[in-house]
Every structure is written in structure tokens, then in C-alpha cells.
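To keep things clear, I will list the structure first and then write my remarks on it.
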Amino acid sequence: MPGVAKQACTSSPRSSRESMSQRTRIGQSYHHARRLGAILAVLLGLVPTLALAQHPGSVFDGATPQARSISDYFVLVLILAAVVFVIVEGLLVYVLLRFRARPGDGRPRPVFEKQHLEITWTVIPILLVALLFVLMLPVMGAAEDAPPDAYTVTAIGHQFWWEFRYPEQNAIAANEMHIPVGEKIRLRLQSADVIHSFWIPRLNGKLDLIPGQTNEWVLEADTPGEYMGQCAELCGVQHAWMLLRVFAQPRPEFDAWVAQQAQPAAAPTDPTAQQGAEIFRQQACGNCHTISGSHDPGGVAPNLTHVGSRTTLAAGALTNTAENMRRWIHNPQDIKPGANMPTFKLSDAELNAVVTYLEGLK
Amino acid sequence: MATIEQVAPVPRLTSADTLWSWVATVDHKRIGIMYLLGALVFLVIAGAEALLMRAQLATPGGHVISPSFYNQLLTMHGTSMVFLVGTPGVIGFANYAVPLMIGARDMAFPRLNAMSLWLFIFGGLLMHFSFLAGQTPDTGWFSYAPLTAHFASPDYRVDYWILGTLIPSIGTIATALNLIVTIFLFRAPGMTIRRLPLFAWMMLITSFLIIWAFPPLTAAQAMLLVDRWLGGHFFNTMAGGLPILWQHLFWAFGHPEVYILILPAFGILSEVIPVFSRKPIFGYNFMAAATVAIAFLSYLVWGHHMFATGYSIPINASWGALSVLIAVPTGIKIFNYIATMWGGSLHFTTAMLFCIGFVGTFVFGGLSGVTLALVPIDWQVTDTYYVVGHFHFVLIGGTVFGLFAGTYYWFPKMTGRLLSERLGRWHFWLFLIGFLLTFVPMHLTGLIGMPRRIYTYPAYPGWSELNAISSIGAVFMALGALAFVWNIIRSLSHGEKAGDDPWDAYTLEWATSSPPPPDNFREPLPPIRSRRPFWDRKYPDEADWKTEHGG
């Protein structure tokens, strides 16, 4: 069984994967499970009230071999659980209807035990759970595997934002991660403060970011797109607004993106933007926020070198528009009370300049 | 009623009804009732906390309460329900019923018993004083390190959490010792261990669980205090500390704790279902053995709360294997209850309705628990509303329904009056419907990506609708709880007189008056030759010792 899983993961994707998995009986039931999983994914979409372009989807809507492996297994387990549920609840309902006290009931015959029956309903559950356990092992292996030479991204959890480092290109991003599509990416998870958890349901199960240790996870999106998730371990007052976005792109586009992220900040040419850069320096924003090419320490807040090219601000609390950036800098505590960014008393003109500057950092 | 000072061994027994006589009592019956009253008060408070949370989550981007207050509510709700409602609730019934069921005059250590009670009350008051002090705990009921470290929680909230739980825990451990000694040494002649009523057996096993489980929590909390205030590094990474150590110690307590909460409820079912089926419990031996198996396994599975922390496949798989095994003895109990009802003559009193509700919901909660024990599934659904749905199914459908059943069953013995069956039905149906509306959708909410412990959420498809349904359900639960409280208040003065044995029951507590005299039994006990000694005396031609071989 481990052999089947590994083959499914490393073979060239899509077309050959399905036929590969259908060759075995386990593979066939996984295939059926996948269809049921898709139905569940649709059912769970429910009545859409789409206020945002993207949403996390469901655990049954996997976009990676790992997530699909988990959801196929989950569907099998749910089917078995449903069968047990129907049988046991059915027996309960039957008993309640059939043995209701009626007038003139004699005293029921006492039955103290029936050893054969009791042994049977001990042994059968043991066999069932053993079966579930055995089927579980290859799914665990499939979800964790990343070859030693896989492209590596390091995610560092902060209260209340995500830092992403691309060591090969020396690039640092925040809150939005890009990965090349169709490849196994090794994700190294670390924390700068408390425990956080990295969870994007369509990509894989979750894994914690724990200070003092590095956990490793695998992402292998097989379709380009935007995948959403959020921090899944209570990390403080703004745990709710620590959203997570992963953009999976074809390799050439990804290479262009990460090369761009590795570039130092574009020097502002517009006079308003230059004024904004000066205010940024005067207000010592650089004490927390790095803009590379400057000499500021930064590090405790998102790197802003390319903030203009991000789709959201404040770890997903706002879409990235000039107006929202104004609102955020003007009073972050209004939008995300408890976030670590203080409120700056800037005049409208100063705000304008800073926003022009930052939005220009693409 | 004649005073009994001349009966020396248990001092200060009284049937006086002054406030002081209750405050100063060492009578297990009064202590039990006070535990239950305390648990009820904290149930209402913790329930109100939940209602506020559900109001906040009813719509996306809600502004009912602030983010920091939300975190305080979720922490207080969880902590109170576990430490100030569930645990005292089961201990309250244990205190009341166990000495009576085994034919004893009181617990082995009555003064220690009183100490335990007052530690619970004081600890609960201290915990809630934190609201007045503006220092309400806000790091979750399991308070993970290093969110609780001084750098991340610089004020006194964590310390209120520590002390508010540690103080009652001392009392809980003492009660466990008290119960073990009482059950081993104070059984009436003829009541062998194998003839112990199942509620007493469950409390015996639970007491061993308590003695194993609570000390790791207390130790961890002491270590956390050292970290926070004395420069220790147990849980932070300087000088080699490990945040994950907190999780090991906490869950070494936390997992057995949930069995501490559920085994007594199983015990209550094991008393109530047979009485209202007019049959003895089916499969006593397997029930008793299954309880021991559950207790033993519960010590070994704590890591299933940590599947997402980064341990290797062999380690996680081992915890998973042990965790799924617990489904087996638990399933045995459920089958035994159905088999007890099979061929019986079922009387749907409110106590019985709650038992049936327990069985029906616990099957669902147990099955969702099996899915959570399977590691890769857990990787997706842990720390989401799926887990919140699961544990509320087993803790409300299990523990709370069991406590409700115990209340309707034993209230007549405690007070001499029956609770109203009419109000009881309102209580049951409002609460059950509300419960299902609130917690079934949560499984779906978790499956579509909603993590736990978030004070608000974006308007993602499905999230708003499911959250709205859950919030509506909470209102129904509140109405059901109000019916319960009203039932108790009204029945204390207007309830129908119960007599000694309103249910035609089987065990020794029904062989004395309602309420019992201070020293429990005035008349000689029935001879104990089976597991149903009172039944045997009432129906000598169908006595168990005649119809059942062995036992």
C-alpha cells in the first residue's frame, strides 16, 4: 500500500494518476470516494453569499494529492460511520417503539447477560477499528512526504501575521505566499512568538508553528489558483484575522514573482511618494517594517518592500486599496483591535503621501 | 425527629434546616446537594457566556462584543463547564448517592468531604472575581504555552485561571480518595465488589482516574507560575524549555478528565435505564470490565490532542491506534443499554428521556470521535468547529444529559418531592432540539474551513448560514435550561410528594425515607444477596439471587 501512495504522488500528475489508482481495488474505492467527496464539496458550498472572491473551500475539495488522499479516506470512514450510525440508531428507535410500556404489561423477563452476543459485539468493533487503522497509514505517509531537494519556503508565524522567506532567492514576503504549481514544496514552519497553525483546507491538513522547533510540511498544488486558509491555533486577541493566502502559479510566473520580491524597493519618483518615504523615515516606521534598500532593522512587522503588489492588508482583514491602506495607517486599532501596530496621528496630507509611497512599492 | 448524638462515630449529624447547619455540615447528602447547586449556578453563568458568543458569531463581522472580551468568554465558558459544572456535578451525585447505595452511613472522611466542597466554591468564586478585577482569563480553557508566558500575557489573567482551577482540584483529588476508601471499606455486609451498583463502580474507577489525572495539571500549573513570575523556563525556549511540554502535561490531565466527566454519567444511565425498563442491567460484567478498559486506555491517548504539533508518523499512529480502541468498550456500553431496554417495559419519564437522548447523541459523538482519532482526518479538522461539535455532543449529550437524568431520578430522594414531569418534557424537548440545531451544523462549519476561537469571520459561503443556525439553537437550549431551573424551584415547594420509592427501583438508597434521615438508614437494610437487594426484598419470588446464577 505505501508503494501505491508513493507512485500516485510522484508520477506525472493528472491523467496517469487516475488510471494508476484505479488499477488496485483500494484505488477503485478511493476513486468512488473521490466522487462522493466532490458531491460533499458541492453540498457544503451551500447557499453562496459571496462577499469575497475566494474562500477556503472544504476539506473535500482537495487541490493537492495530499488533500485528496485525506478526503478520500475521510469519505470511506464517514460511509462506515454512517452505516454503524443507522444500525445502532435504528435499533434504538425500534426498541423505543416496540417495548413501550403498555397497560397490562407483565413483568419483563430479566436477562442478565448473553456471553456469545457480548463477545461478538466486542470483536467486530475491534476488527473494524483495526481496518480503519491499517487504511490510515498510507494516507499519513502521502500527506507528509517531501523529497530532500524540494523547493523550500519558510513560514514564520507572528502575532498576527505571516512572514514568508524564500531562502534561495533571498526574498521576504508577508501574508501571501506564492508557490510553483505542480511541484512538491517543502514548507518549514517556525514561530517568532506563540503557537500558530498553518491551515489551508484545500492544500493539506494543518501543522503548528511552535517557537523553538521547526516543523516541515508539504504543499503540492496541481492547479494554479488562490487558496485560502487562516491560523488555526488561538494565538491571542487577533487570532481571527490572521488569514492565509497561497497563490499557486506556473513555474515561469512564480520565478518572475520571486525574482521581483527579491528586488530592493523601487525608489519613489513621484514627489508625493518621495514625501511619503520621508515621513516613513521620520515616523520610524522602519523600526518594525523593513523596506529593503533602507538600513532599518524591521522584522517584527510585515516586510513592506513590495506591499503595493499584495492583494490584502493586515493579514487579510482588508483588501489592498489606497483607501483601505489610509484607514489602516490612520487607525489600525479600529480595524484590528489588539494588533501590534500603534496609531499614528498623521495629517491627511501626510497620510496621502505615505499611502502613495507604499502603494508604489510593487 | 430524635437527635442521635449518642451514636458517636459521625459528629454533628443534624436534621436542622438553618443556614448555618448547611454551611457547617459534614453530611454527604447535604454536601452533595450543595455541589449540585453550585454546579447549577455556574452552568447558568457559563451558559450565558456561550449565548453571548453565539450572538457575536450569528453574523459575519459581528460587533456584539470586542475581540478581547470574546477570548475571555470562550476561556471562561470552557473552564467553567469543565471545572465548575461537569466535575462538581458528577461529584455531587457521587457524594449523595454512593454512601446510600452501598448501605453506609456517610463517606469515610466527612470533614475532608466538606473541605472539598468549600474548595470548589471558593475556587469558583475566585475565578469569577476576575471579572470584577478586569483580569478575566483569556487564553483558552487549555491555556497553551507560550501564549500564557509572561511576555504574551503580562497581566494576571492566566494566574486567575491557574488558581481558579487549582483550588477546586485539590478538593477533587481529596474526594477521589474519599470515594475509594468509602467504597472499599464501608460497603454493607453482603455487598461484595461484584455486587456494587454500577454507579458506584463507575465512581470507583473515576476516582482512580482523578488521582492519576489531576496531579499533572497541578504540577504544570505550578511550573507555569514559576515561568511567569520567578524567571523559570519550563515552557519557553530560553535555556532549553519546550512549549510542547505544557501540552503533554495538560493533556495527560485533559484526556482522562473527559472520562472523569463521562463515566459517572454512564453510571447514572446504568441505574436509571434498568429501573424504567423494568429489567436488570444487561451485561454487568462486560460493563464493569469495559469501564476498566476505558480508564486504562484513557491514560495512553493524550497525544491525540497533539497530532498537528509535528510528531513523527510512528508516534502519531500509535496514539491514533490506542484512541480508536476506546470506541470498543464505549460501544459495548451503548449496546448494553439497548439490550437492557430490549424486551423491557419502557416508561418514558423525564429521567428516561434524558437517558435515551444520551444514547442517541452519544452514538453520533462517539463516531465523530473515531474520525478524530484517525490522524490524517484530524489534521484537517482539529482546531475547527468540527471538534467543537464533537466534544459538545459527548459532553452535553453525554455528561449534561446524564446529570439531568440523575436530577430527575434522585431529586425525589433528596427532597421528598417529585420534579414536574410536564415541565420536564418541556425541558427535554427544548433542550434537545436546541442542542441539535446548535451543534450538528458545527461539524459542517469545521469541514468548510472555520477554525475554533475566532471572534468573527468573513462572509464566506456557508459560514454565515451555519453560524446563524447554531446561534438560533442556543436560544432554544437556554429556554430548556430555564424550564429546568423553574422546575427545580417550583417543585421544591409544590412538587408531588414522592414517598420512599417512587420509581419501584432496585438499589439501597430507595430503601430509606425521602429525604433520608441524617444517618441514612433507620431500619435494618435488606439482606444483600445480589446486585438488586431492594428489588429482592420487594419481590422475593423473582429475586435476582434466585433467577441469576452467580452475581
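For the numbers below, each heavy atom of this structure counts, side chains included, while hydrogens, waters and symmetry mates do not. Numbers restart at 1 for each chain; the letters A, B, ... are given by sequence-line order, proteins then strands.
Both the backbone and the side chain of A:Val111 come within less than 4.5 Å of a heavy atom of chain B. With a 4.5 angstrom heavy-atom cutoff, A:Glu233 touches chain B via backbone and side-chain atoms both. Heavy-atom distances place both the backbone and the side chain of A:Leu96 under 4.5 Å from chain B. With a threshold of 4.5 angstrom between heavy atoms, B:Ala290 does not approach chain A through any atom at all.
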Given the rule in the ring pair (Phe, Tyr, Trp, His ring centres under 6.0 Å) test, do B:Phe364 and A:Phe85 qualify, once you have shown the distances and angles that lead to the verdict? CA-CA 7 Å; B:Phe364 189 93; A:Phe85 181 82; 5.8 Å; yes
Kindly indicate, with the supporting measurements, whether the criterion side chain to side chain donor-acceptor pair (under 3.5 Å) is fulfilled by A:Gln238 and B:Tyr455. CA-CA 8 Å; A:Gln238 279 299 340; B:Tyr455 72 90; 3.0 Å; yes
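For the atom pair B:Gln380 CD and A:Ser58 OG, the distance stands at 9.0 Å (nearest 0.5 Å). Rounding to the nearest 0.5 Å gives a distance of 5.5 Å between CG of B:Leu147 and CG of A:Leu234. Distance CZ/B:Phe335 to OG1/A:Thr122: 8.5 Å, rounded to 0.5 Å.
Heavy-atom pairs under 4.5 Å with chain B peak, among A:Asn215, A:Leu128, A:Leu189, A:Val93, at A:Asn215. When B:Gly310, B:Ser68, B:Gly344, B:Ser66 are compared by the number of non-hydrogen pairs under 4.5 Å with chain A, B:Gly344 comes out ahead. In terms of heavy-atom pairs under 4.5 Å with chain B, the best-connected choice from A:Cys231, A:Pro125, A:Pro110, A:Pro211 is A:Pro211. For the set B:Gly241, B:Gly343, B:Ala373, the entry with the most heavy-atom pairs within less than 4.5 Å of chain A is B:Gly343. Of the listed residues (A:Lys336, A:Arg102, A:Arg100), the one with the most heavy-atom contacts under 4.5 Å to chain B is A:Arg100. For the options A:Gly338, A:Ala240, A:Ala101, A:Ala81, heavy-atom pairs under 4.5 Å to chain B are most numerous at A:Ala101. Highest contact tally toward chain B, considering only A:Leu209, A:Val88, A:Leu91, A:Asp208, is held by A:Asp208 [criterion: heavy-atom pairs under 4.5 Å].
Counting heavy atoms from C-beta on, the side chains of A:Ile195 and B:Gln247 come closer than 4.5 Å. The closest side-chain heavy-atom distance from A:Gln213 to B:Thr237 is not below 4.5 Å. Residues A:Lys114 and B:Phe282 form a side-chain contact, since some pair of their non-hydrogen atoms from C-beta on lies under 4.5 Å apart. A:Asp193 places a side-chain heavy atom less than 4.5 Å from the side chain of B:Phe151. At a threshold of 4.5 Å between non-hydrogen side-chain atoms, the residues B:Leu374 and A:Phe74 do not count as touching. Looking at heavy atoms from C-beta onward, A:Trp199 lies in side-chain contact with B:Thr384 at the 4.5 angstrom threshold. Using a 4.5 Å heavy-atom cutoff, the side chains of A:Val59 and B:Trp379 are not in contact. No side-chain heavy atom of B:Tyr337 sits under 4.5 Å from any side-chain heavy atom of A:Leu92.
Taking the six-membered ring where the residue is Trp, A:His55 and B:Tyr460 present tilted rings, their angle falling between 30° and 60°.
Between the side chain of B:Asn71 and the backbone N or O of A:Gly236, at least one donor-acceptor pair lies under 3.5 Å. Remark: side-chain polar atoms of B:Lys279 are not paired, donor with acceptor, to backbone N or O of A:Pro108 under 3.5 angstrom.
Annotation: cation-pi pair A:Arg107/B:Tyr539 present, NZ/CZ under 6.0 Å from the ring centroid and within 45° of its normal.
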